[in-house]
Amino acid sequence: MGRGKVKLRRIENITHRQVTFCKRRAGLLKKARELSVLCDAEIGLIIFSTNGKLYELATKG
């Protein structure tokens with residue numbers, strides 16, 4: 001049984017928004033690394049937070 005659909009809208013609570021960003025960022029980086037390993041692909045990923053902080057990932061296939 002699934003969780004159901006999540007409505008895509010801006011999270012108004014700043015604390016909840018930051019927590020969600022951190023969790024989803026970590027999940028996205030993990031998936032990109034997995035894709036790189038499994039498919040022998042070169043991946044480049046750049047993420048900017050609302051504070052302007054840069055998060056990056058670059059792999060060599």
Side-chain angles (χ1 to χ4, degrees):
M1 190 152 134
R3 288 184 172 206
K5 282 199 168 191
V6 175
K7 289 187 178 183
L8 291 180
R9 57 181 166 71
R10 185 169 187 254
I11 300 171
E12 296 302 326
N13 185 307
I14 296 170
T15 306
H16 290 169
R17 187 181 324 138
Q18 185 62 32
V19 168
T20 301
F21 175 79
C22 290
K23 287 181 180 180
R24 287 187 175 247
R25 182 193 72 227
L28 183 60
L29 292 170
K30 181 180 177 185
K31 289 291 185 183
R33 280 189 213 99
E34 289 173 358
L35 180 63
S36 174
V37 171
L38 293 173
C39 299
D40 196 30
E42 294 183 19
I43 306 287
L45 180 63
I46 300 173
I47 304 170
F48 290 99
S49 72
T50 55
N51 299 332
K53 190 168 181 181
L54 170 68
Y55 300 93
E56 60 182 296
L57 170 74
T59 65
K60 285 195 172 194

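Here, residue 1 is the first one in the sequence, and each next residue gets the next number. Remember, it's a predicted structure, so these values are computed and weren't measured experimentally. Worth knowing before you read on, the calculation uses all heavy atoms, side chains too, and leaves out hydrogens, waters and symmetry mates.
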* Asked: Listed by chain and number, what are the salt bridge (Lys or Arg N to Asp or Glu O under 4.0 Å) partners of E12, not counting sequence neighbours?
  -> R10
* Any side-chain hydrogen bond (donor to acceptor under 3.5 Å, both in side chains) pairs touching residues 43-58, not counting sequence neighbours? -> R25-Y55
* Any side-chain heavy atom of L54 sitting closer than 4.5 Å to one from I46? -> yes
* **For the student: nearest non-hydrogen atoms of S36 and A41, plus distance** => OG-O, 3.0 Å
* Sequence neighbours excluded, which residues qualify as side chain to side chain contact (heavy atoms under 4.5 Å, CB included) partners of L35? -> C39, I43
* To do: With sequence neighbours excluded, tell me which residues meet side chain to side chain contact (heavy atoms under 4.5 Å, CB included) with I14.
  => R17
Mind checking the [atom1]-[atom2] spacing from [X] to [Y]? Nearest 0.5 Å is all I need.
| X | Y | atom1 | atom2 | value |
| --- | --- | --- | --- | --- |
| D40 | K60 | CG | NZ | 13.0 Å |
| L29 | L45 | CG | CG | 5.5 Å |
| T20 | H16 | OG1 | NE2 | 8.0 Å |

* To do: Indicate, with yes or no, if F21 and I11 share a hydrophobic cluster defined by side-chain heavy-atom contacts under 4.5 Å among Ile, Leu, Val, Met, Phe, Trp and Tyr.
  => no
* Spell out, as yes or no, whether a donor-acceptor pair under 3.5 Å connects the side chain of T59 to the backbone of E42. => no
